[in-house]
Amino acid sequence: MEIVNTLGRTRAPLVPLVEGEIGIYVCGPTVQANPHVGHGRSAVAFDVIRRYLVYRGFNVTYVRNITDIDDKIIAAASEQGLTIDTVAERAAERFEVTQDALGVLRPDVEPKATDHIGEIVEMISDLIGKDHAYEASGDVYFSVRSFPSYAKLSNRNIDEMLSGARIATGDIKRDPLDFALWKGAKPGEPAWPSPWGEGRPGWHIECSAMARKYLGDTLDIHGGGSDLIFPHHENEIAQSEAVTGQAFARYWLHNGMVNLSGEKMSKSTGHFVDLVGLLSDNPPLAIRLFYLRAHYRSNVEFSADLIADSVTAFERLMAFRRRHEGLEDTAADPGVVDAFEAAMDDDFNTPVALGVLFDAVRDGNRVADEGGDAAALAAAVELIMGVLGLIPDADGLTDLATRIDELAVKLGLEPDGDAEATLLAVIERRTKARIERDWPTSDTIRDGLSEIGIVIEDGADGVAWHRK
RNA sequence: GGCGACGUGGCCGAGUGGUUAGGCAGAGGUCUGCAAAACCUCGUACCCCGGUUCAAUUCCGGGCGUCGCCUCCA
């Protein structure tokens with residue numbers, strides 16, 4: 001298995017620190033507002049990576065943080081007249097809802113910054129003790145010049161960065177490039193005690209502290225969005241390596257951005273599409289499929305048309321599963337599985353993997369059309385969809401029970417207590433109409449079912465139904 | 001200005017020194033009361049200019065263009 005490492009921009013075999021074990025740390029959200037489509041992409045990208053590593057037999061420990069204290073949260077709280085806890089909790093809840101809908105597995109550990117103030121303070125103290133950081137007026141700053149390999153991830157030249165002139169020259173910082181580890185509290189702001197007075201952590205330090213706590217001094221994989229490469233990940237490296245003297249992460253993986261009309265979605269500019277709304281308007285796993293159609297490292301374009309494409313493609317996968325769900329358990333077609341693994345072994349190339357998947361779908365349908373045995377192909381499709389996280393939870397009909405009953409009554413039928421039984425009775429009624437060649441009645445029933453979200457398909461071997 | 005990514009058929013999006021990616025859309029056909037689903041057939045695409053090569057979309061150089069980061073950001 002080969003992966004592309006942002007650090008050094010090399011492609012190399014994935015070799016974990018401890019054979020068979022992989023520790024992954026992914027930068028999660030700063031919980032300040034609803035997540036947008038870009039956040040979903042990052043989550044799905046690393047969820048697939050995680051699932052595939054598990055599929056390949058690695059014992060994976062997956063850590064994704066929640067940053068629940070930061071300037072933006074404080075600003076949002078004061079704007080909305082809420083406490084920062086309320087803002088953070090609400091946003092975190094919304095985030096979780098989207099994660100579940102997208103089929104993103106919960107992390108093994110999901111640490112919050114505010115639960116790790118002790119570890120953070122300790123790490124900052126270490127940095128001060130090692131002369132990599134200094135206190136100034138109640139703040140603590142990391143001294144970038146004290147860490148010679150600073151900017152190795154983003155491949156920048158410190159001296160040239162200064163001439164960029166976009167860096168505000170702070171009066172209390174010794175060097176304009178130095179960044180805050182600890183910020184002294186201003187009146188009314190949330191604060192925790194520290195050796196440097198009441199205050200709160202700077203943005204980058206929580207990741208260093210929590211990653212170290214849960215995964216040790218050296219991580220196998222550190223992931224996040226490409227917009228975090230500089231300065232966030234660069235600063236994490238500086239903090240962690242200055243403390244431990246060890247390489248912080250063996251492999252750095254970065255997902256590309258989601259663009260809207262050619263430009264990156266961004267919360268701060270208001271140029272984004274709300275993920276909660278998108279997921280409620282579409283089959284959530286179709287959105288997951290949308291993400292997987294591009295390689296995780298590439299930027300990808302978002303539009304309503306592209307989502308519609310993905311919904312159609314996803315429905316095709318669902319139709320295939322319905323058609324073949326009765327088949328006996330069989331070993332997955334080895335040729336298909338090999339092709340899938342080859343694609344994923346190549347830096348998690350999901351577009352190619354999807355090509356393999358859709359090839360198998362077409363072949364499976366053809367074999368079935370010709371009356372052959374498609375079980376091995378269907379099993380391969382199931383396997384691939386499982387690893388990619390594209391299989392929905394079985395959904396019952398309980399939420400539609402009332403409407404199904406209403407439809408039954410309209411047709412002069414007695415509702416059964418069980419929604420599915422009632423539905424089958426309705427379908428039976430339609431079949432009767434069809435036998436009598438009473439097309440108006442037949443079509444009216446089909447339309448009525450369609451209205452409540454149930455699709456009817458007349459096949460050679462009977463009538464099938466499924467939810468939209 | 002610095003660092004990085006990229007320019008592929010109607011749209012999206014992989015990939016390769018000479019052999020079909022895939023999805024969606026479109027055209028025709030099979031099946032069907034209609035619809036849906038499904039299958040078959042159909043598109044010789046690779047920004048421009050040089051160079052290397054028997055052969056370049058794929059390698060090298062130059063140009064043009066787009067995007068990201070350099071400030072909070074998945």
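Naming convention: chains lettered A, B, ... in sequence-line order (proteins, then strands); numbering from 1 in each chain.
- Nucleotides B:C54 and B:C47, compared at atom P, are 24 Å apart to the nearest Å.
- Residue A:Glu457 is classed as a base contact, given a heavy-atom separation below 4.0 Å to a base.
- A:Arg430 comes within contact range of at least one nucleobase, with a heavy-atom separation under 4.0 Å.
- Using atom P as the reference point in both B:U57 and B:U19, the two lie 11 Å apart (nearest Å).
- Using modelled atom types, one finds a donor on one side chain and an acceptor on the other under 3.5 Å when comparing A:Asn65 with A:Thr67.
- A close approach under 4.0 Å does occur between a side-chain nitrogen or oxygen of A:Asn155 and OP1 or OP2 of B:G4.
- Between A:Asp178 and A:Arg145 no salt bridge is recorded (no basic side-chain N to carboxylate O distance below 4.0 Å).
- Between A:Gly224 and A:His233, the shortest heavy-atom contact is CA-NE2, 4.1 Å.
- Of the residues in residues 344-351 of chain A, those lying under 4.0 Å from RNA chain B by heavy-atom distance are A:Asn349, A:Pro351.
- The pair A:Lys432-A:Asp438 fails the salt-bridge criterion, with no side-chain N (NZ, NE, NH1 or NH2) lying under 4.0 Å from an Asp/Glu carboxylate O.
- Between A:Lys264 and B:A74 there is no side-chain polar atom (N or O) within less than 4.0 angstrom of OP1 or OP2.
- Residue contacts for A:Gly38: at a heavy-atom cut-off of 4.0 Å it reaches a base atom on one of the strands shown.
- Judged by distance alone, with hydrogens and angles left aside, A:Asp458 brings a side-chain donor or acceptor within reach of the base of B:C34, the pair sitting under 3.5 Å.
- Residue contacts for A:Val258: at a heavy-atom cut-off of 4.0 Å it reaches a base atom on one of the strands shown.
- We find that the ring of A:Trp439 and the base of B:G33 stack, their centres lying under 5.5 angstrom apart and their planes tilted less than 30°.
- Between A:Asn365 and B:C39 there is a side-chain N or O to OP1 or OP2 distance below 4.0 Å.
- Rounded to whole Å, the P atom of B:U41 lies 12 Å from the corresponding atom of B:G23.
- Contact annotation: side chain of A:Arg366 to base of B:C40, donor-acceptor pair absent below 3.5 Å.
- Taken from CZ in A:Phe248 to OG in A:Ser208, the straight-line distance is 4.5 Å, to the nearest 0.5 Å.
- Within 4.0 Å of A:Ser298, counting heavy atoms only, lie sugar-phosphate atoms of the nucleic acid but no base atom.
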Hey, mind stepping through A:Asp68 and A:Thr114 against side-chain hydrogen bond (donor to acceptor under 3.5 Å, both in side chains) and telling me if it holds?
CA-CA 7 Å; A:Asp68 59 349; A:Thr114 56; 2.6 Å; yes
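- At the phosphate of B:G22, OP1 or OP2 sits under 4.0 Å from a side-chain N or O atom of A:Arg362.
- Base pairing annotation: B:U66 forms a Watson-Crick or G-U wobble pair with B:A5, both donor-acceptor distances under 3.5 Å.
- Nucleic acid contact for A:Thr312: sugar-phosphate only, since backbone atoms but no base atoms lie under 4.0 Å from a heavy atom of the residue.
- For the pair A:Arg156 and A:Phe230, the distance from NZ or CZ to the six-membered ring centre is under 6.0 Å and the angle to the ring normal is within 45 degrees.
- Counting atom types as modelled, A:Arg446 pairs a side-chain N or O with a base atom of B:A35 as donor and acceptor under 3.5 Å.
- In the region residues 278-290 of chain A, proximity to RNA chain B at under 4.0 angstrom, judged on heavy atoms, holds for none of the residues.
- Backbone-only contact: A:Asn299 has heavy atoms under 4.0 Å from sugar-phosphate atoms and none from a base.
- Counting any heavy atom pair closer than 4.0 Å across all strands shown, A:Ser266 reaches a base atom.
- Residue-level contact check: A:Asp359 touches the backbone only, with heavy atoms under 4.0 Å from sugar-phosphate atoms and none from bases.
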Let's go through A:Gln32 and A:Arg90 carefully: what are the C-alpha distance in whole Å and the side-chain angles of both, what is the deciding distance for side-chain hydrogen bond (donor to acceptor under 3.5 Å, both in side chains) to 0.1 Å, and is it a yes or a no?
CA-CA 8 Å; A:Gln32 44 153 323; A:Arg90 284 186 186 172; over 6 Å; no
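- At a threshold of 4.0 angstrom between heavy atoms, the contacts of A:Gly40 with the nucleic acid are absent.
- Residue A:His36 is in base contact, counting any heavy-atom pair closer than 4.0 Å across all strands shown.
- Using N1 to N3 plus N6-O4 or O6-N4 for Watson-Crick, or N1-O2 and O6-N3 for G-U wobble, each under 3.5 Å, B:A14 pairs with nothing.
- Rounded to whole Å, the separation between the P atoms of B:G10 and B:A21 comes to 15 Å.
- Residue contacts shown for A:Leu228 are limited to sugar-phosphate atoms, with no base heavy atom under 4.0 Å away.
- Heavy atoms of A:Arg316 sit under 4.0 angstrom from primed sugar atoms or phosphate atoms, though from no base atom.
- Rounded to whole Å, the separation between the P atoms of B:U16 and B:G7 comes to 12 Å.
- A salt bridge between A:Arg403 and A:Glu451 is absent, with no side-chain N of the basic residue lying under 4.0 Å from a carboxylate O of the acidic one.
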